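I have a structure I would like to understand better, so I am pasting it below and will then ask my questions one at a time.
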Amino acid sequence: MEKSYKILLPALGKSSRFKTSGIFCDKMFLPINKNWAELVIDSVIKPFCNERFEVIIGVNSYLHNQMCEWLGQRSYDNVEIMNIERKSYGQAHTVMMMLDNLCMDTKEGFSIHNVDTALNYELDSSYTDFSNRIDVFESEGNQWSFIEPIPETMNVKRVTEKVRISNLCSNGFYQFESFELYKNIFGQLYNKNTPNELFIAPMYNTLIENKCALEYRLVSKSEHEFYGTPEEYFKTIGEKDVK
């Protein structure tokens with residue numbers, strides 16, 4: 001059997017925008033078809049459900065039992081649920097806590113993916129040939145993380161969080177060349193920022209400041225399903241003809 005590659009799905013968000021809209025079910029467990037046979041989380045992990053990948057979903061203690069119950073009703077054999085009991089100060093911090101709980105070689109690369117976006121494009125061999133990469137698509141709006149590309153290259157000059165510096169928007173799929181590098185960069189970020197700023201965008205900027213190359217892959221926006229907000233969720237399931 002070929003080596004499996006880790007994809008970390010940090011899922012410690014509180015779905016606060018859904019609760020504000022009167023939806024108190026965590027967005028991961030919302031249905032995307034009429035009979036509730038498939039949920040948002042099923043759609044998100046679908047591209048990774050094969051022997052090439054090892055999917056680790058990090059949740060807090062409040063959701064841990066529900067997530068384990070969901071997994072027990074599925075036939076996925078490459079998905080692990082990780083209970084994270086400590087408070088998180090952002091996605092980058094959640095990933096660091098997940099890495100600390102995994103038995104990983106320090107030279108091993110890994111991927112991160114948001115739990116509110118489903119990818120409908122092929123994950124080619126570059127997705128298991130690790131370097132520092134970020135997947136982006138072209139879009140309007142200010143709600144994304146954005147990259148500033150270096151002209152005439154596939155390299156990134158800087159990354160911003162909800163500050164529009166180009167039309168290239170992150171889809172939430174990130175890769176790092178090694179656990180060792182991530183831990184080093186996270187330590188630098190932690191020492192120079194308040195805990196509430198521990199997100200992936202400043203991680204990548206710190207990486208660039210350390211003279212490490214960051215590449216991007218351009219993918220089509222049409223090859224995504226977005227579930228991050230109530231508006232995105234209802235638009236997506238509407239396109240699937242769910243009533």
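Computed from a predicted model, the values in this text were never measured in an experiment.
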**OP:** List the steps and the verdict of side-chain contact (heavy atoms from CB on, under 4.5 Å) for Val156 and Ile134.
**Re:** CA-CA 9 Å; Val156 179; Ile134 181 171; 4.2 Å; yes

Original post:
Where is the tightest heavy-atom contact between Ile84 and Met97, given as atom of each residue plus distance?
Top reply: CG2-CE, 3.8 Å

Original post:
Between Cys169 and Phe146, which heavy-atom pair has the shortest distance, and what is it?
Top reply: SG-CE2, 3.5 Å

**OP:** Answer yes or no: is there a donor N or O on one side and an acceptor on the other, between the side chain of Asn33 and the main chain of Glu38, under 3.5 Å?
**Re:** yes

Original post:
How long is the span from the CE atom in Met104 to the CG atom in Leu8, to the nearest 0.5 Å?
Top reply: 7.5 Å

**OP:** Could you check Phe29 against Trp70 for side-chain contact (heavy atoms from CB on, under 4.5 Å), going step by step and ending with a plain yes or no?
**Re:** CA-CA 9 Å; Phe29 302 115; Trp70 161 80; 4.1 Å; yes

Original post:
Quick one: do Val40 and Ile45 end up in the same hydrophobic cluster if we chain Ile, Leu, Val, Met, Phe, Trp and Tyr together by side-chain heavy atoms under 4.5 Å apart?
Top reply: yes

Original post:
Do Arg158 and Tyr204 meet the cation-pi criteria used here (NZ or CZ under 6.0 Å from the six-membered ring centre, within 45° of the axis)?
Top reply: no

Subject >> Criterion side chain to side chain donor-acceptor pair (under 3.5 Å) on Glu108 and Ser178, from CA distance to verdict >> reply: CA-CA 5 Å; Glu108 184 178 351; Ser178 71; over 6 Å; no

**OP:** Find the distance between OG1 (Thr229) and CZ (Phe18) and round it off to the nearest 0.5 Å.
**Re:** 6.0 Å

Subject >> Minimum side-chain heavy-atom gap Met82-Leu102 below 4.5 Å >> reply: yes

**OP:** Determine whether Val95 and Phe186 make a side-chain contact, defined as any pair of heavy atoms from C-beta on separated by less than 4.5 Å.
**Re:** no

Original post:
Roughly how far, to the nearest 0.5 Å, is the CG atom of Asn60 from the CD atom of Glu85?
Top reply: 10.5 Å

Original post:
Ser126 side chain to Asp129 main-chain N or O, any donor-acceptor pair under 3.5 Å?
Top reply: no

**OP:** Using distance alone, with no hydrogens and no angle criterion, decide if Glu69 and Asn65 have a side-chain donor and acceptor under 3.5 Å apart.
**Re:** no

Subject >> Hydrophobic cluster membership, Trp36 vs Tyr227, 4.5 Å side-chain cutoff >> reply: yes

Original post:
How about Ile23 and Leu30: do any of their side-chain heavy atoms sit closer than 4.5 Å?
Top reply: yes

Subject >> Nearest-0.5 Å distance that lies between atom SG in Cys212 and atom CG in Asn132 >> reply: 6.0 Å

Subject >> Heavy atoms of other groups near Glu152 CD, more than 12 under 6.0 Å >> reply: no

Original post:
Are side-chain heavy atoms of Met67 and Asn83 found at a separation under 4.5 Å?
Top reply: no

Original post:
Does CZ in Arg86 sit with more than 12 non-hydrogen atoms of other residues, nucleotides or ligands closer than 6.0 Å?
Top reply: no

**OP:** Identify which one of Tyr174, Tyr5, Phe48, Phe173 satisfies the ring-ring contact (aromatic ring centres under 6.0 Å, His included) criterion when paired with Tyr127.
**Re:** Phe173

Original post:
If only atom types and distance count, is the side chain of Asn205 paired as donor or acceptor with the main-chain N or O of Val159 below 3.5 Å?
Top reply: yes

Original post:
Given Leu9 and Val44, is the side-chain contact (heavy atoms from CB on, under 4.5 Å) satisfied, shown in steps?
Top reply: CA-CA 10 Å; Leu9 275 66; Val44 170; 4.0 Å; yes

Subject >> Verdict with reasoning, Glu209 to Lys192, per salt bridge (Lys or Arg N to Asp or Glu O under 4.0 Å) >> reply: CA-CA 13 Å; Glu209 290 169 7; Lys192 71 180 182 181; 3.0 Å; yes

Subject >> Check: Val59 and Ile57 side chains under 4.5 Å, non-hydrogen atoms >> reply: yes

Subject >> Criterion side chain to side chain donor-acceptor pair (under 3.5 Å) on Asn114 and Gln91, from CA distance to verdict >> reply: CA-CA 9 Å; Asn114 289 345; Gln91 188 183 50; 2.5 Å; yes

Subject >> pair Lys162-Asn142: side-chain heavy atoms closer than 4.5 Å >> reply: no

Subject >> Arg17 backbone acceptor or donor facing Ser21 side chain under 3.5 Å >> reply: yes

**OP:** Measure the shortest side-chain to side-chain distance between His113 and Leu119 over non-hydrogen atoms and say whether it is less than 4.5 angstrom.
**Re:** yes

**OP:** Please determine if Lys221 and Glu138 form a salt bridge, counting it only when a charged side-chain N lies under 4.0 Å from a carboxylate O.
**Re:** no

Original post:
After noting the C-alpha distance and the side-chain angles of Ser88 and Thr94, does the key distance pass the side chain to side chain donor-acceptor pair (under 3.5 Å) rule?
Top reply: CA-CA 6 Å; Ser88 173; Thr94 301; 2.5 Å; yes

**OP:** Show your working on side-chain contact (heavy atoms from CB on, under 4.5 Å) between Ile208 and Lys157 and close with a plain yes or no.
**Re:** CA-CA 7 Å; Ile208 292 167; Lys157 183 177 181 180; over 6 Å; no

Original post:
Should we count CZ of Arg217 as having more than 12 external heavy atoms under 6.0 Å?
Top reply: yes

Original post:
Distance-only, no hydrogens or angles: does the Tyr182 side chain make a donor-acceptor pair with backbone N or O of Glu177 under 3.5 Å?
Top reply: no

Subject >> Joint cluster assignment, Tyr62 & Met28, ILVMFWY side-chain distance < 4.5 Å >> reply: yes

Subject >> Distance (rounded to the nearest 0.5 Å) between Ile41 CD1 and Tyr76 OH >> reply: 8.5 Å

Original post:
If only atom types and distance count, is the side chain of Asp42 paired as donor or acceptor with the main-chain N or O of Leu39 below 3.5 Å?
Top reply: yes

Original post:
Are Phe199 and Val115 connected in a single hydrophobic cluster, I mean Ile/Leu/Val/Met/Phe/Trp/Tyr linked by side-chain heavy atoms less than 4.5 Å apart?
Top reply: no

Subject >> Heavy-atom pair of closest approach, residues Tyr216 and Pro149 >> reply: CE2-CB, 3.8 Å

Original post:
Atom CZ in Phe137, atom CG in Leu168: separation rounded to 0.5 Å?
Top reply: 10.0 Å

Subject >> Short side-chain to backbone donor-acceptor contact, Thr128 and Ser125, under 3.5 Å >> reply: yes

Original post:
Is it true that the side chains of Ser131 and Gln175 contain a donor and an acceptor less than 3.5 Å apart?
Top reply: no

**OP:** Answer with yes or no whether the side chains of Asp26 and Gln66 bring together a donor and an acceptor at under 3.5 Å.
**Re:** no

Subject >> Atom of Leu71, atom of Val79 and distance for their closest heavy-atom approach >> reply: CD2-O, 3.6 Å

Subject >> Closest non-hydrogen atom pair between Pro10 and Met98, with its separation >> reply: CA-SD, 4.1 Å

**OP:** Please say whether more than 12 non-hydrogen atoms of neighbouring residues, nucleotides or ligands are located less than 6.0 Å from NZ in Lys87.
**Re:** no

**OP:** Give a yes or no on whether the ring-centroid distance for Phe226 and His224 is below 6.0 angstrom.
**Re:** yes

Original post:
Does a side-chain heavy-atom distance below 4.5 Å link Ser43 with Glu225?
Top reply: yes

Subject >> Donor-acceptor contact below 3.5 Å, side chain Asn78 vs main chain Glu51 >> reply: no

**OP:** State, to 0.1 Å, how close Gly58 and Leu12 come at their nearest heavy-atom pair, and which atoms those are.
**Re:** O-CD1, 3.3 Å

Original post:
Strictly by modelled atom types, are Glu161 and Ser145 linked by a side-chain donor-acceptor pair under 3.5 Å?
Top reply: yes

**OP:** Could you walk me through whether Thr117 and Asn171 pass side chain to side chain donor-acceptor pair (under 3.5 Å), step by step?
**Re:** CA-CA 7 Å; Thr117 303; Asn171 68 357; over 6 Å; no

